[in-house]
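So you know, we letter chains A, B, ... as the sequences are listed, proteins then strands, and number each from 1.
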2 protein chains.
Amino acid sequence: MRQILLYGLILGALLFLIQYAQYRLVFVQHAESAYTGVIAAICCAAGIWAGVVLTRRYQRKSNARLLAAIHNHPPVQAESSLTPRELEVLQLIAQGLSNQEIAGHLFLSLNTVKTHVSNVFAKLDVQRRTQAIQKAKQLGLLA
Amino acid sequence: MRQILLYGLILGALLFLIQYAQYRLVFVQHAESAYTGVIAAICCAAGIWAGVVLTRRYQRKSNARLLAAIHNHPPVQAESSLTPRELEVLQLIAQGLSNQEIAGHLFLSLNTVKTHVSNVFAKLDVQRRTQAIQKAKQLGLLA
DNA sequence: AGCCAATTCACCCGAAAGTATGAGGTTTCC
DNA sequence: GGAAACCTCATACTTTCGGGTGAATTGGCT
């Protein structure tokens, strides 16, 4: 529902831009190539954005399968109550990454990473990431 | 993901329609105008392609680093040795203790612990304690 | 259609961690 | 007796973490 509104606004803005550009062109003849360039730039940007978003969503699930394959575990572990995403974050914590770096690796915002980290800590009953590493290794959640 | 594609198509279609309509109504005298729509479509496609390719490439590199880290592949070189005190502090860090707790264990002030920790980080060439744990285990400094 | 778990993101706040610099004290070794 | 290494502690500052709360979205299941 929110997205529809968003896309509507984007669409409207684009249409407005095009209208404006063509309005200006009525009075500025022979600037057709410049106008085409603007359109091309806008569409390129929109296309790249769409492509990136598309691929990220697709890759997200692939990564889950990849990590699962590495550890010979199904994506969802019954013995630990950690979700797949939380396990991913936990593994990156054990690699020594900061929350910001984890966000970069996983294409998440810093806030989202913090949320996952907090949930991991709560489920492992620890207060610090160093404790989480310790406990996770004891529980066999990490290699 | 399906909706994004959908919205993308709608966007493209609308843009094209606008182009076509204005071509018919206003810019009949400009045969060039028809090309703008084509350009827009091509750029959209190119943009999506570029976005997908770029994101996929970036992900591949990330995954490679991730796998390398998991499998202990990264080159490990001998580094300057830690002093006895620094090694003590490092071991307590690996056990998940906070600086304050380490100070309590070793009967030191918090500032002193911070100094030792900073020196350990410098010698191990890391910035965070989680990285220090990882590296110390690679170097065999920890059990 | 509605519920529910998972995921994502935001904001605020305090605590902890990390950086930089300086400064005494001791031991050891030349 | 002086250089060098180590240990100790301090102040000041910036960054990162962690906790708490709220909320929107999605996908799966009933």
Exercise. In whole angstrom, what separates E88(B)'s CD from dT8(D)'s C1'?
Worked result: 14 Å

For this session: Establish, with yes or no, whether the OP1 or OP2 oxygen of dC7(D) is under 4.0 angstrom from a side-chain nitrogen or oxygen of H116(B).
Result: no

For this session: Please check if any side-chain donor atom of T115(B) sits under 3.5 Å from a side-chain acceptor atom of S118(B), or the reverse.
Result: no

For this session: Starting from P on dC9(C), measure out to CZ on R85(A) and report it in whole angstrom.
Result: 9 Å

For this session: Indicate, with a heavy-atom threshold strictly under 4.0 Å, whether L108(B) touches base, sugar-phosphate, or nothing.
Result: sugar-phosphate

Exercise. Side chain of T83(A): nearest nucleotide among dC7(D), dC9(C), dA6(C)?
Worked result: dA6(C)

For this session: Report yes if a donor N or O on one partner sits less than 3.5 Å from an acceptor N or O on the other, where the partners are the side chain of T115(B) and the base of dC7(D); otherwise report no.
Result: no

Exercise. When you check the phosphate oxygens OP1 and OP2 of dT8(D), does a side-chain N or O of T112(B) lie under 4.0 Å from one of them?
Worked result: no

Seminar exercise, completed: Rounded to whole Å, the CG-P distance (N119(A) to dT8(C)) equals 12 Å

Seminar exercise, completed: When rounded to whole Å, the CG to P distance for the pair L110(B) and dA16(C) reads 9 Å

For this session: Mind checking S109(A) for me? I need base, sugar-phosphate or nothing, with any heavy atom below 4.0 Å counting as a touch.
Result: sugar-phosphate

Exercise. Which listed nucleotide (dA10(D), dG19(D), dG18(C)) is nearest to the side chain of N111(B)?
Worked result: dA10(D)

Exercise. What does N99(B) touch in the nucleic acid at a heavy-atom separation under 4.0 angstrom: a base, only the sugar-phosphate, or nothing?
Worked result: sugar-phosphate

Exercise. Do R85(B) and N119(B) have side-chain N/O donor and acceptor atoms under 3.5 Å apart?
Worked result: no

For this session: Please tell me which of Q100(A) and P84(B) maps to the more 5' nucleotide of DNA chain D, matching each residue to the nucleotide holding its nearest heavy atom.
Result: P84(B)

Exercise. Separation of K114(B) atom NZ from dT21(C) atom C1', in whole Å?
Worked result: 14 Å

For this session: Identify, between K123(A) and T130(B), the residue whose nearest nucleotide on DNA chain C lies closer to the 5' end.
Result: K123(A)

For this session: Round to a whole Å and report the spacing from CZ of R129(B) to C1' of dT15(D).
Result: 14 Å

Problem set entry | Test side-chain hydrogen bond (donor to acceptor under 3.5 Å, both in side chains) applied to E86(A) and Q91(A), K123(A), H116(A), the passing residue | K123(A)

Exercise. Using a cut-off of less than 4.0 Å, is there contact between a side-chain N or O of R128(A) and OP1 or OP2 of dA16(C)?
Worked result: no

Problem set entry | Option passing side chain to side chain contact (heavy atoms under 4.5 Å, CB included) with I133(A) (candidates I93(A), L141(A), V126(A), L124(A)) | I93(A)

For this session: Could you check how far CD1 of I93(B) sits from P of dA16(C), rounded to whole Å?
Result: 16 Å

Exercise. Can you check the E86(B) CD to dA5(D) C1' distance for me, whole Å?
Worked result: 11 Å

Exercise. How is S98(A) classified with respect to the nucleic acid when contacts are heavy atoms under 4.0 Å: base, sugar-phosphate, or nothing?
Worked result: sugar-phosphate

Seminar exercise, completed: Heavy-atom closest pair (N99(A) atom, K114(A) atom, distance to 0.1 Å) is ND2-CG, 4.1 Å

